[in-house]
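Only one structure is covered here, and it is reproduced in the block below.
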Amino acid sequence: MSRRGATLTTATGGRARIVPFISRRGAELRYSSYDVLVVGGGIAGLTAALGAAYRWNVGLVTKGTLDQTTTFLAQGGIAAAMSPHDSPEFHLKDTLEAGVGLCDESAVRVLVEEGPARIRELERLGTDFDRRDGRLILGKEGAHSMPRIVHAGGDATGSVVASSLCDVITSGGRVEVHENEFVLDLLMDGGRCVGAVSLDEEGELTISLARAVVLACGGAGQVYARTTNPLVATGDGHAMAYRAGAVLRDMEFMQFHPTALYGRENPTLLLTEALRGEGAYLLDEQGERFMVGAHPRAELAPRDVVVRHMQRVFERDHTDRVWLDARHLDCDFLRERFPTVHGGLAERGFDLCSQLIPVAPASHYFIGGVLTDTWGRTTVPGLYACGETSSTGIHGANRLASNSLLEGLVFGERTVRELNRYLAVADPAVRKVKLDLADEPRKGNDPVVVARGREKVGQTMLELCGIVRSREGLREAAASLSELQRSLEPPGLAVEELELFNLLTVARQMVATAAMREESRGVHLRSDFAERDDVNWRRHTLVHRDVGTGDMVVEKGGVEKDESEGAG
Ligand SMILES: Cc1cc2nc3c(=O)[nH]c(=O)nc-3n(C[C@H](O)[C@H](O)[C@H](O)COP(=O)(O)OP(=O)(O)OC[C@H]3O[C@@H](n4cnc5c(N)ncnc54)[C@H](O)[C@@H]3O)c2cc1C
């Protein structure tokens with residue numbers, strides 16, 4: 001392969017912008033070729049890879065191991081209308097209400113109608129959901145009008161589901177899986193995505209050509225200094241898609257979970273909402289249940305509502321935590337139903353049965369994402385997205401609990417159906433890759449500088465673009481992030497460093513869109529625009545990269561038409 005005259009570029013645009021990452025001298029390059037390259041091994045990536053492999057040659061790349069995903073940590077379960085008393089219509093109504101007027105109703109309809117079939121399929125693939133007397137046990141969570149959360153291993157749903165999908169994938173041998181391989185960037189050819197470049201543990205680079213690429217890279221909770229998300233959640237998929245020219249939507253919406261264990265751990269332990277579903281209380285410093293009277297569903301109000309009330313309590317009581325109280329619940333039941341939480345707390349010196357547990361909000365679920373239709377198609381030909389990386393429109397301005405694993409399943413499977421159509425006709429011809437290679441590797445930034453940079457992004461976002469935002473604070477955040485960006489050398493080939501650049505990209509998008517949305521809605525709370533403003537803001541925000549200048553373009557998107565009433 002020639003190393004001169006690039007005809008193929010990476011997504012960073014211009015001529016072979018991957019150049020800085022690769023040195024001419026001693027560069028080791030491997031090549032792979034697939035019909036479908038899936039980036040990410042969580043529920044969305046596994047579902048897409050498994051389905052696509054029935055017809056196509058599929059590669060799956062994941063930057064950690066298959067058990068280092070957000071999916072693996074999921075506790076509460078998966079929402080679906082599985083009970084004879086329930087129906088997709090009820091699930092739809094609850095989702096629209098929680099989404100505060102910004103859900104795409106047609107996408108939600110797809111989610112709730114196809115959800116039950118996906119749950120049954122998981123069971124066929126070997127997932128044992130918890131049952132009593134042969135019937136699924138359905139849990140209750142915030143803003144659901146009835147019990148509808150299927151769960152497995154008590155509160156170990158994510159690991160049980162992911163393990164069964166991984167078993168099928170690895171035992172079938174139909175998907176070529178590459179763990180511990182970090183995807184740096186997408187390869188573009190004439191505006192079409194034709195593969196990706198990745199870096200393995202030994203520092204070797206692989207050029208993977210693919211007729212279609214599926215981004216299933218999860219979320220970006222690590223943008224915040226306090227998060228329930230695992231270390232892999234650094235918004236790489238969002239940043240890569242952005243560099244490739246894709247449109248991203250609603251980047252200002254990051255859901256904070258009300259009940260993460262108080263403290264400085266990263267990630268912090270989540271105390272699933274299902275605990276409150278089983279009757280646990282939230283107490284303030286005086287021992288009062290502050291959600292009673294604040295919302296008809298008390299502790300089971302939508303997450304955005306609970307977080308807002310916690311925020312008021314913090315300001316009133318000059319504190320930064322409240323208490324979760326499960327002492328009145330049966331201890332054997334707690335141990336059996338919540339082994340992950342009970343055990344996790346015990347490891348940290350807390351007893352769920354007899355003690356009040358200090359909790360505070362932490363970034364948890366990224367609603368913003370790569371804009372897709374209901375078939376996983378992004379605005380870039382050949383590039384698909386599903387799971388937390390995508391924005392299908394189902395969450396509106398506030399995700400309904402336990403709808404995200406379902407989203408990965410439903411839209412992962414629909415992406416496969418669309419791939420089957422696309423690949424049957426798409427031009428398969430990407431036959432050569434030419435890269436201009438730099439003479440010397442880039443030095444990059446010292447690991448200490450990188451660690452400090454990550455800390456700075458996390459703190460800046462938590463303090464200035466966290467639960468409560470204001471014009472002044474957002475201005476300060478934008479300045480601080482720009483200053484950090486300017487202070488850094490261009491990245492070398494260290495994963496933490498590349499992640500920092502992706503975190504910065506996503507953080508700047510979040511700040512820009514949060515500044516633009518001059519209202520309070522769902523998870524986006526502005527102290528200077530405290531009211532919801534349907535006249536001007538029942539619409540999305542969009543971000544993309546100007547191909548000519550490379551600048552970030554932030555725009556108002558289309559108006560949402562559904563008539564659902566938000567829960568406010
Ligand atoms: C503690 C916790 C509990 C939760 N509980 C629930 C719940 O009960 N129910 C529910 O519905 N939702 C829950 N959620 C949310 C839900 O788990 C996630 O939204 C969902 O699992 C995301 O799945 P995913 O497939 O999109 O991404 P993930 O599961 O996060 O997988 C992302 C994959 O992408 C890979 N990746 C990322 N970047 C790169 C890169 N540059 N190169 C290569 N690979 C890359 C990662 O290695 C990983 O394999 C919970 C979240 C947390 C944090």
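Everything numeric here is computed off the predicted structure, so don't read it as measured data. Just so you know, ligand 1 is whichever comes first in the structure, and atom 1 is the first atom listed for that ligand.
- Using a cut-off of 4.0 Å between Lys/Arg side-chain N and Asp/Glu carboxylate O, R414 and E114 are scored as salt-bridged.
- Ion pairing between a basic and an acidic side chain is recognised when a charged N comes within 4.0 Å of a carboxylate O; E496 and R454 show no such pairing.
- Side chains of N502 and D236: a donor on one and an acceptor on the other come within 3.5 Å.
- Look at E123 and R131 and you find a salt bridge, because one of the NZ, NE, NH1 or NH2 atoms lies within 4.0 Å of a carboxylate O, short of that distance.
- Aromatic rings of F366 and F253 (six-membered ring for Trp) have centroids beyond the 6.0 Å cut-off, not under it.
- Looking at D94 and R148, a side-chain N of the basic residue comes within less than 4.0 Å of a carboxylate O on the acidic one, giving a salt bridge.
- Heavy-atom contacts of A44 reach the following atoms of ligand 1: 25 (O) (cutoff under 4.0 Å).
- By the 3.5 Å distance cut-off applied to N or O atoms, G77 is counted among the residues near ligand 1.
- L199 contributes atom CG, which lies 9.5 Å from atom CD of E204 (distance to the nearest 0.5 angstrom).
- Salt bridge status for E265 with R348: present, with a side-chain N to carboxylate O gap under 4.0 Å.
- Remark: R243 engages D185 in a salt bridge, criterion side-chain N to carboxylate O under 4.0 Å.
- Which of V232, V61, L405 comes nearest to atom 11 (O) of ligand 1 through a heavy atom is settled by distance: it is L405.
- Neither the backbone nor the side chain of E407 comes within contact range of ligand 1; no heavy atom lies under 4.0 Å.
- The protein heavy atom nearest to atom 24 (P) of ligand 1 is T71 OG1, 4.0 Å.
- Here the heavy atom of the protein found nearest to atom 42 (N) of ligand 1 is V183 N, 2.8 Å.
- For ligand 1, the atoms closer than 4.0 angstrom to any heavy atom of L270 are 1 (C), 2 (C), 3 (C).
- Using a 4.0 Å cut-off between charged nitrogen and carboxylate oxygen, K63 and E181 do not count as a salt-bridge pair.
- Ligand 1 has no N or O atom lying under 3.5 Å from any N or O atom of I78, backbone or side chain.
- Some N or O of I43 is nearer than 3.5 Å to an N or O of ligand 1, by distance alone.
- Regarding atom 37 (C) of ligand 1, its nearest protein heavy-atom neighbour is C217 O, 3.4 Å.
- Polar contact check, K63 against ligand 1: a nitrogen or oxygen pair lies under 3.5 Å apart.
- The ligand atoms of ligand 1 that sit less than 4.0 angstrom from a heavy atom of R399 are 10 (C), 11 (O), 12 (N).
- Given atom 46 (C) of ligand 1, the protein heavy atom at minimum distance is T62 OG1, 3.9 Å.
- Interface atoms of ligand 1 facing E388, defined by a heavy-atom separation under 4.0 Å, are 18 (C), 19 (O), 22 (C), 26 (O).
- For ligand 1, the atoms sitting less than 4.0 Å from at least one non-hydrogen atom of G64 are 47 (O), numbered in the order shown with element in parentheses.
- Looking at R399 and E407, no side-chain N of the basic residue comes within less than 4.0 Å of a carboxylate O on the acidic one, giving no salt bridge.
- At a 3.5 angstrom cut-off on N or O pairs, Y365 does not count as close to ligand 1.
- Polar contact check, N229 against ligand 1: no nitrogen or oxygen pair lies under 3.5 Å apart.
- The closest protein non-hydrogen atom to atom 2 (C) of ligand 1 is H364 CE1, 3.5 Å.
- Side-chain contact between L209 and Y31 is absent, with no heavy-atom pair separated by less than 4.5 Å.
- In terms of protein heavy-atom proximity, atom 4 (C) of ligand 1 is nearest to A74 CA, 3.4 Å.
- The closest approach between any non-hydrogen atom of E141 and ligand 1 is not below 4.0 Å.
- Note that OH of Y365 and OG of S404 are 5.0 Å apart. Values are rounded to the nearest 0.5 Å.
- We find the CD-CG distance between E499 and L504 to be 12.5 Å, quoted to the nearest 0.5 Å.
- Within ligand 1, the atoms closer than 4.0 Å to a non-hydrogen atom of G387 are 26 (O), numbered from 1 in the order shown.
- Close approach of ligand 1 to D236 is summarised as follows: ligand atoms under 4.0 Å from at least one heavy atom of the residue are 38 (N), 39 (C), 40 (C), 41 (N).
- In terms of polar-atom proximity, G41 is counted as a contact of ligand 1, with an N or O under 3.5 Å from an N or O of the ligand.
- No heavy atom of E499 sits closer than 4.0 Å to any atom of ligand 1.
- Considering both main-chain and side-chain atoms, F182 never comes within under 3.5 Å of ligand 1 through any nitrogen or oxygen pair.
- The distance criterion of under 3.5 Å between nitrogen or oxygen atoms is met by G76 with respect to ligand 1.
- For ligand 1 and A216, the ligand atoms under 4.0 Å from any heavy atom of the residue are 32 (C), 33 (C), 34 (O).
- Using a 4.5 Å heavy-atom threshold, the side chains of E141 and T272 count as touching.
- Counting only non-hydrogen atoms, the option in A385, S404, A239 that gets closest to atom 14 (N) of ligand 1 is S404.
- Counting only heavy atoms from C-beta outward, the side chains of D35 and V58 never approach each other to under 4.5 Å.
- Note on ligand 1: T228 sits in its first shell, one or more heavy atoms being nearer than 4.0 Å.
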